[in-house]
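The structure appears right after this line, and notes come after that.
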Amino acid sequence: MSDKLFEITTEPISITDITAKVEDANAGAINTFIGTVREMTKGKKTLYLKYDAYIPMAEKKLAQIGEEIQADYPDAKVAITHRIGSLNIKDIAVVIAVSTPHRNDAFKTSRYAIERIKEIVPIWKKEHWEDGSEWIGDQLENKAYPSGKPEKEDFTT
């Protein structure tokens, strides 16, 4: 198990390992969000996905999300791991673990983290459907990346 709180990996993600990173004697709640690969998307059958990332920037942005959460919830502990590479249906793509003194804060911060990942982290995916494949743009699907990856101007610091 890596000791990094914010990580991009090519290996399967252990939910137990990520959750252990945020355990705290003063936590009244640990909320774990697990993002998995689904089979059906907008009526199309997915066979598998391929995630790719600009790893140094992606890990920096994951850490930024952790800092944003801790700015509002100083007692929160956050760990986020996102997997890249080829993932099959039901594989775990992302695990977010947040511990806080109170459960409502754990729920709120987990939701905040996954929405921010989609907004700011340079991770993109290629959908492989039964009738073809397509690179999907940013995770909010607001911008296509015809080359398969964002261009330099798409990155922000």
Side-chain angles (χ1 to χ4, degrees), residues 1-24 30-39 41-42 46-74 76-100 105-129 133-157:
M1 170 173 86
S2 165
D3 60 350
K4 293 172 70 174
L5 293 176
F6 307 99
E7 183 173 28
I8 302 295
T9 185
T10 58
E11 302 298 321
I13 301 172
S14 165
I15 300 163
T16 303
D17 288 351
I18 306 307
T19 303
K21 293 178 181 180
V22 300
E23 290 177 343
D24 188 285
I30 297 176
N31 189 34
T32 305
F33 172 84
I34 305 161
T36 59
V37 177
R38 70 175 169 262
E39 185 173 54
T41 301
K42 300 178 183 173
T46 299
L47 302 177
Y48 66 97
L49 294 177
K50 182 177 180 189
Y51 282 100
D52 203 350
Y54 176 48
I55 295 172
M57 178 67 79
E59 289 182 339
K60 182 178 174 182
K61 292 297 186 180
L62 293 176
Q64 177 185 328
I65 294 167
E67 292 167 4
E68 291 171 359
I69 289 170
Q70 289 183 316
D72 290 337
Y73 302 91
K77 288 189 172 182
V78 183
I80 304 170
T81 298
H82 201 297
R83 186 174 171 194
I84 60 172
S86 291
L87 281 73
N88 294 313
I89 306 303
K90 299 191 293 184
D91 280 353
I92 296 171
V94 62
V95 173
I96 300 166
V98 181
S99 68
T100 59
D105 295 341
F107 283 123
K108 286 173 33 181
T109 54
S110 270
R111 176 65 187 251
Y112 177 82
I114 190 64
E115 298 303 333
R116 288 294 281 160
I117 288 171
K118 290 181 173 285
E119 288 175 355
I120 69 169
V121 180
I123 297 172
W124 52 98
K125 66 182 175 183
K126 187 172 188 177
E127 291 263 7
H128 292 267
W129 294 298
S133 62
E134 179 182 5
W135 278 100
I136 305 298
D138 67 317
Q139 292 203 53
L140 292 175
E141 299 183 22
N142 292 327
K143 181 176 182 178
Y145 297 133
S147 69
K149 296 182 179 184
E151 303 302 326
K152 192 172 186 175
E153 62 272 10
D154 294 315
F155 294 115
T156 59
T157 57

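Note that this is a predicted model, so its numbers are computed, not measured.
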> Atom CD1 in I55, atom CD in E7: separation rounded to 0.5 Å?
Replying inline: 10.0 Å

> Taking all atoms of both residues into account, what is the closest heavy-atom pair of A76 and T100, and its distance?
Replying inline: CB-CG2, 3.8 Å

> Quick one: are T46 and R38 in side-chain contact, heavy atoms under 4.5 Å?
Replying inline: no

>> Applying side-chain contact (heavy atoms from CB on, under 4.5 Å) to I18 and T32, what does each step give before you reach the verdict?
In response: CA-CA 9 Å; I18 306 307; T32 305; over 6 Å; no

> Do V78 and T109 come within less than 4.5 Å of each other through their side chains, counting heavy atoms only?
Replying inline: no

>> Looking at every heavy atom in both N31 and A106, which two are closest together, and how far apart are they?
In response: ND2-O, 3.4 Å

>> If I compare all heavy atoms of I84 with all of A53, which pair ends up nearest, and what's the gap?
In response: CG2-CB, 3.9 Å

>> Using 0.5 Å steps for rounding, measure from the CG atom of D3 to the CG atom of L5.
In response: 8.0 Å

>> For a 4.5 angstrom cut-off between non-hydrogen side-chain atoms, does I96 reach I114?
In response: yes

>> Please check this pair: side chain of H82 against backbone of V95, looking for a donor-acceptor N/O pair closer than 3.5 Å.
In response: no

>> For I89 versus L47, what's the shortest heavy-atom pair and its separation?
In response: CG1-O, 3.7 Å

> Atom NZ of K50 and atom CH2 of W124: how far apart are they, to the nearest 0.5 Å?
Replying inline: 11.0 Å

> Do E127 and T41 have side chains that get closer than 4.5 Å, going by heavy atoms?
Replying inline: yes

>> Are the side chains of L62 and V121 in contact, using a 4.5 Å heavy-atom criterion?
In response: yes

>> Let me confirm one number: the NE2-CG distance from H128 to L49, rounded to the nearest 0.5 Å.
In response: 8.0 Å

> Given the rule in the side-chain hydrogen bond (donor to acceptor under 3.5 Å, both in side chains) test, do D24 and S99 qualify, once you have shown the distances and angles that lead to the verdict?
Replying inline: CA-CA 7 Å; D24 188 285; S99 68; 5.8 Å; no

> Do D17 and T81 touch side chain to side chain, with heavy atoms closer than 4.5 Å?
Replying inline: no

> Hey, what do you get for NZ (K61) to OH (Y54), rounding to the nearest 0.5 Å?
Replying inline: 11.5 Å

>> As an exercise, state the distance from CG of D105 to OG of S110, rounded to the nearest 0.5 Å.
In response: 11.0 Å

> Between I13 and A93, what is the shortest heavy-atom contact and its length?
Replying inline: CD1-O, 3.7 Å

> Are the side chains of V98 and F33 in touch, meaning some heavy atoms are under 4.5 Å apart?
Replying inline: no

> Of E115, R116, Q70, E119, which is the lone residue that meets side-chain contact (heavy atoms from CB on, under 4.5 Å) with I65?
Replying inline: R116

> Within the distance-only criterion (no hydrogens, no angle test), does the side chain of K21 pair as donor or acceptor with the backbone N or O of K4 below 3.5 angstrom?
Replying inline: yes

>> If the test is side-chain contact (heavy atoms from CB on, under 4.5 Å), which one of I123, V94, D91, I92 qualifies with R83?
In response: D91

> When you look at OH of Y48, are more than 12 heavy atoms from neighbouring residues, nucleotides or ligands closer to it than 6.0 Å?
Replying inline: no

